[in-house]
Structure formats: structure tokens, C-alpha cells
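Residues take their numbers from the sequence shown, with the count starting at 1.
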Amino acid sequence: MTKKLTFKEYMFIGSMLFGLFFGAGNLIFPVHMGQEAGASIFWANLGFLVTGIGLPFLGVIAIGVSKTAGVYELAKRINQTYAMVFTILLYLVIGPFFALPRLATTSYEIGLAPFIQSDQQTLFLAIFSILFFFAAWWLSRRPTKILDYVGKFLNPVFLVLLGLLLLLAFIHPLGTVQHAAVQPSYQDHAFFTGFTQGYNTLDALAALAFGIIIVTTIRNMGVTKPSAIAKDTIKSGAISIVLMGIIYTLLSYLGAMSLGGFALSENGGIALAQIADHYLGTYGSILLALIVVLACLKTGIGLITAFAETFTDLFPKRNYLFFVTMASVLACLVANVGLTNIIQISLPVLMFIYPLAMTLILLVLAGPLFKQRPAVYRMTTYFTLIASILDGLNACPDFIKQSAIAQHILDYAKQYLPFFQLGMGWIVPAIIGFIIGLIWSSIKKEPALD
């Protein structure tokens with residue numbers, strides 16, 4: 001007889017998944033978006049939710065309905081070489097090169113940097129990042145315990161602390177949303193700007209990456225039938241996504257309301273620090289430090305675990321502990337580059353890889369309509385790949401983007417590629433590739449995938 005999970009078990013898994021998703025970036029980006037969007041926050045937040053929770057939920061559903069353990073098995077539907085390259089790149093982005101280091105630097109800059117003298121920042125960042133990643137490494141060594149660490153302890157504590165700050169802010173608001181100034185980028189295209197801001201959370205990528213953790217956790221709870229695992233994955237994902245949507249919305253409105261008491265800040269971390277200090281003084285700074293460190297630590301555990309489990313499958317000659325250690329050490333080194341530099345470097349990579357992840361998720365979900373024929377996967381992905389390269393180039397630093405060759409390519413893209421200037425130049429090429437794939441597979445009478 002197949003085991004059925006209880007409501008309490010669904011809640012624990014949903015809490016774990018929320019905890020894995022919700023890191024420091026999920027705290028700071030909606031707050032900063034709220035400050036920039038001002039009175040246009042409704043539409044900006046709606047766009048943010050599409051990429052911030054809609055796409056991650058579709059990713060969780062894709063893992064569930066595909067009955068696979070993770071992104072590599074999904075990407076193999078295009079071809080094995082692409083699957084290997086895409087999987088490695090995705091895990092490096094959300095692992096030791098971008099997302100993981102960002103967790104430590106964000107924790108430090110929001111939670112501890114205000115208490116450290118400017119000439120000692122570099123030293124203390126190094127010390128903090130070593131301690132942070134040692135803790136994450138220690139708690140990641142036993143992947144079967146991740147439900148206990150994150151779902152049953154770290155995430156509930158995090159929610160209580162964050163809930164306290166939000167409660168104070170909405171009981172005694174700093175200002176009204178209706179009178180908040182709107183920055184130029186949100187005046188005409190608030191929805192689309194919010195949509196692309198949702199990329200920064202990395203959650204659509206994380207949904208594919210965390211698939212292996214969800215499936216493993218459910219199996220460890222005694223559910224072994226693939227169809228049952230698929231249903232339990234989707235039900236647990238729904239719990240976490242609803243919770244994320246509520247908190248994103250509260251944070252974005254918090255940012256908009258804060259303009260009644262503070263000027264537009266450089267980033268959401270500064271805004272959160274100002275808000276916490278306003279309501280609780282020194283205690284507010286301590287509370288915010290605890291919130292941010294907990295948010296980052298639980299997500300760091302999830303990312304390291306997902307990275308190590310996937311790379312152990314891809315490269316079985318090395319054991320799980322080796323990859324846990326590798327991810328932790330590399331992330332610790334990159335963290336000392338600094339938060340601003342990490343965000344600047346990561347943006348072009350995100351603009352490149354996000355469309356590829358989104359089309360893969362959508363293809364898996366639409367698979368029954370075209371009987372999972374490989375040509376549809378391949379042509380859609382290849383056309384999207386071309387547009388992704390252009391989107392990535394457009395997000396590069398000025399010293400790259402302003403070169404003669406880059407300017408010529410980008411001028412061509414702006415002229416002929418719809419939605420390119422909104423950061424979504426991949427949409428039309430993806431649709432064209434999808435149609436060509438359908439036609440090609442029909443002409444060749446291509447057999448369906450298993």
C-alpha cells in the first residue's frame with residue numbers, strides 16, 4: 001500500500017521548500033522594487049510575482065509531472081550534451097559563483113557591516129564568510145536532515161522574526177502608497193519592469209535545482225510510487241508558493257510606504273535597515289541581523305545540498321562530502337569580492353540562463369500537447385538560446401556593451417527583436433522555434449519521448 005502524507009507532513013515539506021527558496025535576495029529585492037515603483041507598486045508587484053512565485057511553482061510542477069529527480073533529466077530531452085552544460089551552468093549560478101556568495105555578503109552587509117568600522121570591513125567580511133560557510137557546510141553534510149534543519153526549525157524562527165517587523169510597519173505605516181514617487185523605469189512599464197526584477201530572486205532556477213531535494217525528502221518519508229511523489233511535490237510546492245507570494249507583496253508595499261519617511265535607498269538592504277531602526281532602534285538592527293542571517297543560512301544549506309547531490313550524480317567518482325566542501329570553499333572565496341560586484345557580474349548570466357530555464361519548464365508542462373517530441377524541445381531551445389545571448393550581452397557592464405561590435409549587435413536586436421528593450425527578447429524567438437519544432441516533428445513523423 002502506498003503511503004499517504006499527512007497535512008502536517010505537507011506543511012513541513014512546504015515550510016522546508018519555502019525556507020530553501022527565501023534567502024536574503026528575496027528580502028531586499030521586493031523592498032527596493034517597492035521604493036522605485038512607489039504608487040505603481042500594484043502592477044510592479046504583480047509582474048514580480050509572475051517570475052518570483054509563478055515560474056518557481058511551474059518549475060516545481062514540472063519536476064512533479066515529469067516524474068524526474070531534477071534538471072539534468074529534464075534537459076536531456078533536448079540532448080545529453082546540452083543537458084550536461086546547462087545543468088552545470090545552472091548549479092554554478094545558483095551555487096558557488098553567484099547565489100551562495102551573495103547569501104554571505106548580504107548577511108554581512110545588512111546584519112553586521114553597520115557595526116564595523118570602515119577600515120576593518122574587508123577583514124570582518126572574510127571572518128564572517130568563513131564562519132557562515134562553515135555552518136552551512138556542517139549542516140549540509142547530512143542531506144536526510146534538511147527537513148528538520150530548515151522545515152521544522154530555521155524557517156519557523158525566520159517567519160516569526162520577519163512577521164514582527166512587518167506587523168509593526170503595517171500598524172504604524174511610514175507613509176501612503178498613493179503619494180509615493182514613481183521612478184522613470186516604472187512609469188510606463190511597471191508590470192514588465194517588475195517581471196524582470198523577479199529574475200534577481202533566482203527562484204525559477206532554484207525550483208529546478210531544488211527538485212532533487214523535494215523528491216528525495218518525499219521518498220525518505222516512505223512515498224515511492226512516482227505518481228504519488230509527483231502529486232506530493234505539487235501539493236507541497238503550493239504551500240510554499242502561497243506563503244512566498246504573501247511575504248513578497250507585504251515587503252514590496254513596505255518599500256513603497258517607507259518613502260514617507262526615507263529617501264530612495266541604493267538597495268533594499270539599506271531600506272530594511274532604516275525601517276528596522278525606525279521602529280525598534282538598536283533592537284531593530286539586531287532583529288534585522290537575525291532575520292537576514294537565518295534567511296541566508298537556510299537557503300545556503302539548500303543550495304549546497306542540491307549542488308552536491310546533483311554533482312555526485314553527474315560525477316560519481318567523487319562523493320557527496322567532496323562536493324559539499326567544494327561548493328562551500330568556492331562560495332567563501334567569491335563572497336569576498338563584495339555584494340555590489342557579485343550582483344553586477346551575475347546580471348548578464350541571469351539574463352542569459354533565465355529564458356532557457358523558463359522555456360524548459362514551459363515545454364515540460366506543455367509536453368502532452370506535442371507528445372514530448374524531441375524536435376519541439378530542441379528547436380524552441382536553440383532559438384531561445386540565440387535571444388538569450390543577446391539579452392545577456394545587453395545586461396553586460398558598459399565596457400563590454402559599449403564596444404563597437406556589441407553596439408552593432410545590440411542596435412540590430414533593438415530594431416528587429418520585439419520586447420528586447422524590456423529584457424524579454426527571447427519570447428518571439430521561443431514561439432518561432434516552438435512552431436518550427438511542431439512542423440518539423442510532424443513532417444519527420446518523429447516518435448514521442450518516453
Practice task
Give a yes-or-no answer on whether the side chains of Glu36 and Ser185 include a donor-acceptor pair shorter than 3.5 Å.
Solution key: no
Fill in the blank from the handout: Taken to the nearest 0.5 Å, the spacing of Leu208 CG from Leu360 CG works out to 6.0 Å
Completion exercise
Looking only at heavy atoms, the pair that brings Cys296 and Leu103 closest together is SG-O, 3.1 Å
Problem - Close side-chain approach of Phe42 and Tyr253, heavy atoms under 4.5 Å - result: yes
Problem - Check: Thr233 main-chain N/O paired with Ser236 side-chain donor or acceptor under 3.5 Å - result: no
Practice task
Tell me, with the steps shown, if Leu314 and Phe323 meet side-chain contact (heavy atoms from CB on, under 4.5 Å).
Solution key: CA-CA 11 Å; Leu314 295 178; Phe323 288 113; over 6 Å; no
Exercise for the section: Evaluate whether atom CZ of Phe419 has more than 12 neighbouring non-hydrogen atoms of other residues, nucleotides or ligands under 6.0 angstrom away. Expected result: no
Handout entry: Side-chain touch Leu162/Leu27, heavy atoms, less than 4.5 angstrom
Key = yes
Practice task
Would you check if Ile241 and Val60 make a side-chain contact, meaning some heavy-atom pair closer than 4.5 Å?
Solution key: no
Practice task
Examine the side chains of Tyr91 and Thr310 and answer whether a donor and an acceptor come within less than 3.5 Å of each other.
Solution key: yes
Practice task
Scan side-chain atoms only and decide if Tyr10 and Asp232 contain a donor-acceptor pair under the 3.5 Å cut-off.
Solution key: yes
Practice task
Identify, with sequence neighbours excluded, every residue that meets side chain to side chain donor-acceptor pair (under 3.5 Å) alongside Thr312.
Solution key: none
Problem - Passing option when Tyr279 is tested against Leu164, Leu168, Leu167 for side-chain contact (heavy atoms from CB on, under 4.5 Å) - result: Leu168
Exercise for the section: Please say whether more than 12 non-hydrogen atoms of neighbouring residues, nucleotides or ligands are located less than 6.0 Å from CZ in Phe170. Expected result: yes
Problem - Donor-acceptor contact present, side-chain Ser129 to main-chain Ala126, <3.5 Å - result: yes
Handout entry: Worked verdict on Ser252 versus Val31 for side-chain contact (heavy atoms from CB on, under 4.5 Å)
Key = CA-CA 5 Å; Ser252 64; Val31 173; over 6 Å; no
Practice task
Return the orientation label for the Tyr108 and Phe128 ring planes: parallel under 30°, perpendicular over 60°, tilted otherwise.
Solution key: tilted
Problem - Closest non-hydrogen atom pair, Gly425 against Asp391 - result: N-OD2, 3.5 Å
Problem - Which atom of Ala180 lies closest to which atom of Leu259, heavy atoms considered - result: CB-CD1, 3.8 Å
Handout entry: Distance (rounded to the nearest 0.5 Å) between Leu356 CG and Ile389 CD1
Key = 8.5 Å
Practice task
Using the six-membered ring wherever Trp is involved, compare the ring planes of Phe262 and His278 and label them parallel, tilted or perpendicular (cut-offs 30° and 60°).
Solution key: perpendicular
Exercise for the section: Would you kindly say whether Tyr248 and Asn26 are connected by a side-chain donor-acceptor distance under 3.5 Å? Expected result: yes
Exercise for the section: Could you tell me whether the side chain of Ser240 and the main chain of Gly237 form a donor-acceptor pair under 3.5 Å? Expected result: yes
Handout entry: Phe18 vs Phe158 side-chain heavy atoms within contact, under 4.5 Å
Key = yes
Practice task
Please report the C-alpha distance between Phe21 and Ile53 in whole Å, then the side-chain angles of each, then the deciding distance to 0.1 Å, and finally whether the side-chain contact (heavy atoms from CB on, under 4.5 Å) criterion is met.
Solution key: CA-CA 10 Å; Phe21 274 129; Ile53 66 168; over 6 Å; no
Practice task
List the atom of Ser265, the atom of Gln35, and the distance in Å for their closest heavy-atom pair.
Solution key: OG-OE1, 2.7 Å
Problem - Euclidean distance, Ser107 OG relative to Leu290 CG, rounded to 0.5 Å - result: 11.0 Å
Handout entry: Heavy-atom neighbours of Phe352 CZ exceed 12 at 6.0 Å
Key = yes
Practice task
Compute both the distance and the angle, then confirm whether Lys298 meets the cation-pi test with Phe22: under 6.0 Å from the six-membered ring centre, within 45 degrees of the axis.
Solution key: no
Exercise for the section: Please step through ring-ring contact (aromatic ring centres under 6.0 Å, His included) for the pair Phe48 and Phe195, ending with a clear verdict. Expected result: CA-CA 5 Å; Phe48 187 88; Phe195 185 96; over 10 Å; no
Exercise for the section: Say whether Trp426 and Thr359, considering side chains only, have a donor N or O and an acceptor N or O under 3.5 Å apart. Expected result: no
Exercise for the section: Starting at CG of Leu58, measure out to CG of Leu365 and round the result to the nearest 0.5 Å. Expected result: 5.5 Å
Handout entry: Validation row: Val428, Ile432 side chains within 4.5 angstrom (heavy atoms)
Key = yes
Problem - Shortest non-hydrogen separation from Gln187 to Val182 and the atoms involved - result: NE2-O, 3.1 Å
Practice task
State, with a plain yes or no, whether a side-chain heavy atom of Phe434 is found less than 4.5 Å away from one of Thr381.
Solution key: no
Exercise for the section: Would you indicate whether the side-chain heavy atoms of Ser15 and Pro156 approach each other to under 4.5 Å? Expected result: yes
Exercise for the section: Dump the intermediate steps for side-chain contact (heavy atoms from CB on, under 4.5 Å) on Ile13 and Lys235, then the final yes or no. Expected result: CA-CA 9 Å; Ile13 298 172; Lys235 289 179 181 178; over 6 Å; no
Exercise for the section: State, with a plain yes or no, whether a side-chain heavy atom of Asn394 is found less than 4.5 Å away from one of Leu390. Expected result: no
Exercise for the section: With rounding to the nearest 0.5 Å, note down the distance linking CD1 in Ile275 to CD1 in Ile270. Expected result: 12.0 Å
Problem - CG-CG distance between Asp277 and Leu288, expressed to the nearest 0.5 angstrom - result: 10.0 Å
Exercise for the section: Measure across Phe115 and Ser285 and return the closest heavy-atom pair with its distance rounded to 0.1 Å. Expected result: CZ-CB, 3.5 Å
